[in-house]
Amino acid sequence: MEVRPDIFLIILGAALVTFIPRVLPLILLSRITIPAWGMRWLNYMPIAVMSALVAQELFIDGGQFSALNTNVELIAALPAFWVAIKTRSLLGTVLTGVLALMLLRLLF
């Protein structure tokens, strides 16, 4: 099997584009001491990113704010949020959300 040079360069470029943003901050931040306020700020980053992703999926449909009364995804998210808060179980939360969405789509 022969690899064409242009395809090889595309693969190499894609590898660099994914490798550099992951390794460069790790190298730079490992050499400095981050202050306590910076570490507290960084602790909220995963929550903020996840909230932005979930909110976009729940409230926006086709680039427009979706109507809350016909938004089955938002209605299905309510029992999933409740299970997440009560059990702190990722599997239980996902199963609850999937089952709720399946039932709502079946009914509506």
May I ask whether [X] and [Y] are part of the same hydrophobic cluster, defined by side-chain heavy atoms of I, L, V, M, F, W, Y residues being less than 4.5 angstrom apart, directly or through others?
| X | Y | result |
| --- | --- | --- |
| Ile32 | Leu42 | yes |
| Phe59 | Val54 | yes |
| Val98 | Leu91 | no |
| Phe81 | Leu74 | yes |
| Leu29 | Met45 | yes |

Heavy-atom side-chain proximity of Ser51 to Ile47 below 4.5 angstrom
yes

How many angstroms lie between atom [atom1] of [X] and atom [atom2] of [Y], to the nearest 0.5 angstrom?
| X | Y | atom1 | atom2 | result |
| --- | --- | --- | --- | --- |
| Asn71 | Ile60 | CG | CD1 | 11.0 Å |
| Leu58 | Ile75 | CG | CD1 | 11.0 Å |
| Phe108 | Leu103 | CZ | CG | 10.5 Å |
| Met39 | Thr33 | CE | OG1 | 10.5 Å |
| Ile34 | Arg40 | CD1 | CZ | 13.0 Å |
| Arg31 | Leu28 | CZ | CG | 8.0 Å |

Say whether, by atom type as modelled, one donor and one acceptor occur between the side chain of Thr87 and the main chain of Ala84 under 3.5 angstrom.
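No, because the side chain of Thr87 does not come within donor-acceptor range (under 3.5 Å) of the backbone of Ala84.
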
Ignoring hydrogens and angles, tell me if any N or O in the side chain of Ser66 forms a donor-acceptor pair with the backbone of Asp61 under 3.5 Å.
no

Taking all heavy atoms of [X] and all of [Y], pick out the closest pair and write down the distance.
| X | Y | value |
| --- | --- | --- |
| Ile85 | Arg88 | O-CG, 4.3 Å |
| Pro25 | Pro21 | CD-O, 3.0 Å |
| Ala80 | Thr93 | O-CG2, 3.5 Å |

